[in-house]
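Atoms considered below: every heavy atom in the structure, side chains included; atoms not considered: hydrogens, waters and symmetry mates.
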Amino acid sequence: METEIDAPNPHEDIDDEDSSGEDDSESAIEDLTNKVAINPYQYDLHIQLISLLRKEGEFEKLRKAREKMSEVFPLTGVLWLDWIQDEMKFMEGDDSREEIEKLFNRAVEDYLAINVWLEFAQFSLSGITLPGGVEKARSICERAITAGGLHVAKGHSIWEVYREFENALLMTMQPPLGSIASEEKEREIKMQTERIHNIFKRQLRVPLLDMEETLIEYKEWLGEEAEEEVMINYKTALAKLKKYEPYEESLVNSEGSTLAQWQSYLEFIQKDGNPATIRCCFERAVEEHCLATDLWLDYTQYLDSTSNIGSLLINVYNRAVRNCPWSPTLWKGLMHTLEKYEQPHQTIKETFEKSLLGGFTEPGDFLGLWETYIDYLRRKLDSVKNSETEATQAKEELRATIEKAAEYLNHYFGSTADPSFRLQQFQALIEAKYFQNMEKSRELWNSILTAGHSSKAHMWMKYYHLERVYGDSKHCRKILHRAVNAVSDWPEQICEALLMFERVEGGLDTWQSATRRVETQMKKVEERREKAREYEESGDGWERQWERRGRRRPAFKQGRGKDQRRGKDQGWGKDQGWGKDQGKGKGQYQKYFVKGESGNSKDADGMKKKTEKDDIQENRWRRHDKRQETDIPGEEGMKGIKRKADSSQAPDEEHSKRMKQGDEGVFKVPMSSPLKVPKSPKSTTMPPPGMPVANSGNQQADRGVKAEPMDTEMTVTEDKEERPKPDKDTQDKTIFVKNLAYDVGEEKIKEIFSKCGTIKEVRLVTNYQKKSKGFGYVEFENSDSVAKALSMDREAVEGRPMYVDRYVVKEKQKPATKDFKYEMKMEKNKLFVSNLPRSATKEGLEKLFGQYGQLKEVRVVTYRSGVPKGLAYVEFENEVDASKAIIGTDGTNVGGHSICVAISNPPSRKQPISERKENEKEEESKPAINYPKSLGAKGVSGPRGKGRTQLSMMPRSLQRNTAPQPKEMGATAGKVPQQKSPSEGDKPKMSNADFAKMFLKS
C-alpha cells in the first residue's frame, strides 16, 4: 500500500509557456475531489489527489484531503511522514509543536512503522530544553521500546536512540574540569549512570540482530566484563536469535515476503516466543500484508485467547476492519469486544452502522451482522431490568431494530437473505418472553409456516416448544394436531410429540382421540410411501415427466413385464406402446425415432421430427420477420447504413417463385428496392439517422438520391459558455492575464494595470455561474502600454503570482513560443538558495545577502497559489560578491532551517510541447513504408484505419479469385469504388438463397 509521492524538483521553475497545463491541473484536482466525495473507499483516488495537491502547493486542501483519507483508511509510515514533514514547515510556537505531536501519536497507531517511531523520538529530543521536555522525551522512547523494541530486524535502532539520549544527558551532568560536584549532583550522576546500565541490560535480554556489537559496546562503556546474570540473559537471547534467523533471512532474501512465509514464522514463534514477541511479529506481518483477512483473523483470535487488555484488543480490531472492511467476522468480533469491555452504547451502534457499508457480497453476511447487533440489544435489556424506564426503552429499541432488520433485508435481498426466517423466529420469542404478547408471537409463526415451511417437522416443533413454555395447553394441542396433517418429511416426530403431550396434559378421551388420529395418519403415510416406492421402481414417474414435455422417454432399459406396459386403454396405439414384444427383438423397446424414406428424422408417429438445425433456422426466420430495418444492398461504402423497409413495393415474381420452390424457410428477402449508389466519390459517408445533412436539398438532387423522411429527428442543443475573446485586430493592444484569485474582479484588474496606460476594456472569463475562472484579457488604448504590463509578470496579487503574457489569435496563426525569462546555463554571479523556511521573504533575503555585495535581483520561487517553495535566486552584480556570499551564508540557520547556497546551474529544460507536436507531424508526413502483407504486418490498414488480420473468414466454397485493383487496396473506409456493368464480364450476383444452399451443403 506504500505509495511514493514525487517531490518537486528544486531546480524546476514554474512553466509559464502553456496556460492549458495549469487549467488541467485545477480541473484534475476538482475531478478527483468529486470522485473521492462520491466513493470515499477508493484508496487509489485518495493517493492521486494527495500527490497532485502536494505537487501544486495547495496545502490547505492537502490537509483536508489527508484527514478524509485517514478517516477511512490507515495510512502507511511513508504517508504519515510526508504529512508530518509538510506540517513542520509551517510550525511556529508551542501550539504548532503540540499539533505535530498529535500527528505522531496518530501515526504510530496505524502500523508498526519503525521509521515513524525514530522520527517521533528525534522530534521529542529536540524539545528537551522546554519545561518537562526531558521527561516527555524519555516517555516517548519507552513507548517506542514497548512497540518496536522486540523487532528482531530493526529494534536495535530504537534502543540505540534511547541510549544516546541518556548518554547525552549524562554528559551535561558532568562538572567542569578542575571542579568537584556537589553531593546532590553526584546522586544525579549516579542515577543517570544506573539508568543507562539498565537500558543495556534490558536490550541484551532481547533477541535482536547485531547483539554481538551491543555486548561489545556495553563492555566498553562499563570498562570491565559484564556481570554473570547479564551474560546468562545474553546467551539465552542469542540462542533464540539463532532459531529466528532462518525465518528472518527468508523474509529478507525473497523479493517481498510472502504471506505463506509470515504464516510459517508465526506458527513457529507462537510455540517458542513470549506474548510480546508474538504480538510484535503479528504487527510486522500485518504491516506488509495489511489486506490479508486471514492474517487479521489469526491475530485477533490470538489476542482474544491470550490477552485481557481491552484497549489493545479494541485497537487491533479497529485497525483490522479499516484494512479489511469486507470481512463480517472482523466486524462481529469488534462489536463483541466493545460489548465485553463495556464501551458506550453509542459507540457500538455507530460501529454496527459502519459495518453495513462494508461491501459484502452475500446476503447471509448482512443477516449475521443484524443478528449480532440484535443479540447485543437483548443482553443489554437483561442488564437494565432493575430500572423500569430503561427497560422499557430497551424493549422498544429491540423490537424496532428487529423490524428494521427484516425490512432492510427484504428490501435489498428479498427472501434470499433469510430463507429460514430466523429473524421472525427470534422476534416471536422476544414477543412472548419480554412483552407477553402470545398473539403477536402466534401471528409471526403462522406467517412463517404459510411461507413454505408447513411440511417441515422441525419448524412445527419450534413453534410447539415456544407455545409450551409461554403459551397454554389448548394452543399446544391445536399446533400438534395441525402438524400431524401437514408434516411430510418426518411425521413420526410430530406423532410422538402429540402422544407424549396427551400423556402429560390430556385425559382419557383426548388420549384415545390422539391415538386414533395418529394411527389413521400413519396408515396414510405408509400408503403414500409404498406408492412412491412402486412409482420409483417402475420408472413411470420419469415417463410422465417426459409426456408433460410433449415427448416420450427413450428406451434405456430392457425386460419390462406386462404390469408395466402401456395399452390402448391409456390412449396409446399398438404401434406406439412400450410393449414387451415391440421393436426389433423380444424384451426391447421401440426406438425413440426411426429413419424415414426421405432421409429426414421421424418419430414413432411418422411425423417429421424437428432437428436442432431446423430449430436454429426457425429462430432465424422469426428474427428476420420481426426486423424492421433492413440492410441496403450496395457496395462496401454503404455497409452498415440502414433505412426503413418499404413495404409498398412488390418483390420480384421470378425470385419469389424460386424462393417458394426450392428455398422456402431458409432465408427471407427483404421487401425493399435497392438504393441508388451515389456516383460522386465525395459522398462516401452518410449522417446518422435523425441528424440533418448539410446542404441536403442540393446535394441529394445532384446525386439522384431520393430524400426519405427520417423516423425521428433529434435536435441537440448545447448551452455552451462563450468565452469573451478580444478581436484579432486589437491583439497588439491586448494582454492575457492568468493565475488570478477567484475573488479578484474587473475593478481590481483595472486598478492594477492603470499605471501602465489607459485601459479600454477588461474582459474576465467566467463560468456558467458568472464566477471568475482566474484569467482574462486586458485591452489598452495603445500598444505601448502592453510592454509596461508585461513587466508586471509574476507580481503578487492577493497572495498569488499573476502571470502576464501577450494575446495571440490561435485560430489563424500559431502562437509564438514564449522565450523563457531566465538563463538556463551556469551564472556565476547568481546563487541558488534552497531549504528556506516558508516564512522567508524577499526583504529578509536582501538583508542577509546584501552585506556581501551589491545585489541585482532577489527572486523567491512560489507555487501558483503564492505559497513559497522554499527556493530563491539571488543575483549579484559580480562573481566575486557571489563567491563571498556562498562562503558566508551556506549552512546558515534561517527560521530553524539550515539553508543551502550554491551557484545557479539549472538543468536543461524539456522540449516545449509545441515543438514536440511539430516533430511528430513531420514524422507522420514522411512516406509510409510498404511492409509485407503478412499476418500482423504494420502499415496494412483495415476499414477503420487499424491493422487488420490476413486470415480469411469466408468459406472456401464462397471464395472467388478476384484480385483487387491497386486503387481499391489503398482506398480508405467509406469510399465507394466505380460500379461495373454486367457486360464487363462479371459473373451474375448470387441471391440469398444461393448463399444458403452453400452454407447448408453437407
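- Salt-bridge check for Asp31 with Lys35: passed, with a basic side-chain N closer than 4.0 Å to an acidic carboxylate O.
- In this structure, Thr306 and Pro275 have side chains that are not in contact, with every pair of non-hydrogen atoms separated by 4.5 Å or more.
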Pair Glu26-Lys773, salt bridge (Lys or Arg N to Asp or Glu O under 4.0 Å): steps then yes or no: CA-CA 10 Å; Glu26 294 180 359; Lys773 283 191 172 183; over 6 Å; no

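- The environment of Tyr341 atom OH is dense: over 12 non-hydrogen atoms of other residues, nucleotides or ligands sit within 6.0 angstrom.
- Look at Glu283 and Arg319 and you find a salt bridge, because one of the NZ, NE, NH1 or NH2 atoms lies within 4.0 Å of a carboxylate O, short of that distance.
- Ring geometry for Phe282 against Tyr299 counts as parallel: the plane angle stays under 30°, on a 0 to 90° scale with 60° as the upper cut.
- Rounded to the nearest 0.5 angstrom, His289 NE2 and Thr258 OG1 are separated by 6.5 Å.
- By the 4.0 Å N-to-carboxylate-O rule, Lys61 lies too far from Glu56 to be salt-bridged with it.
- Other residues, nucleotides and ligands contribute at most 12 non-hydrogen atoms within 6.0 Å of the CD atom of Glu30.
- Taking the six-membered ring where the residue is Trp, Phe73 and His46 present perpendicular rings, their angle passing 60° and hence far from 30°.
- Heavy-atom contacts from other residues, nucleotides or ligands closer than 6.0 Å to CD of Glu67 number more than 12.
- Cation-pi geometry between Arg279 and Tyr302 is not met: the NZ or CZ atom fails to fall both under 6.0 Å from the ring centre and inside 45° of the normal.
- Each of Arg63, Arg838, Arg66 was evaluated against Asp86; a single residue qualifies, Arg66, per the salt bridge (Lys or Arg N to Asp or Glu O under 4.0 Å) test.
- Here the side chain of Ser250 pairs a donor or acceptor atom with the backbone of Tyr247 at under 3.5 angstrom.
- Under the 3.5 Å distance criterion, the side-chain polar atoms of Trp331 are left unmatched by any main-chain donor or acceptor of Val321.
- The shortest distance between side-chain heavy atoms of Arg143 and Asn105 falls below 4.5 Å.
- A donor-acceptor contact shorter than 3.5 Å is absent between the side chain of Ser307 and the backbone of Leu303.
- Annotation: side chain of Phe59 is in contact with side chain of Leu62 (closest heavy-atom distance under 4.5 Å).
- Counting heavy atoms of neighbouring residues, nucleotides and ligands inside a 6.0 Å radius, atom CD of Gln301 does not exceed 12 of them.
- By the 30° and 60° cut-offs, the orientation of the rings of Phe104 relative to Phe120 is parallel.
- Put simply, the side chain of Gln42 does not reach to within 4.5 Å of the side chain of Val36, judged on heavy atoms.
- No donor-acceptor distance shorter than 3.5 angstrom exists from the side chain of Asn323 to the backbone of Leu291, with no hydrogens or angles considered.
- Aromatic ring pairs are classed by plane angle as parallel below 30°, tilted from 30° to 60° and perpendicular above 60°; the pair Trp80 and Trp83 is parallel.
- The residue from Tyr412, Tyr373, Phe360 that alone fulfils the ring-ring contact (aromatic ring centres under 6.0 Å, His included) condition with Phe366 is Phe360.
- Considering Leu208, Leu209, Ile269 as possible partners of Tyr244, the one that fulfils the side-chain contact (heavy atoms from CB on, under 4.5 Å) test is Ile269.
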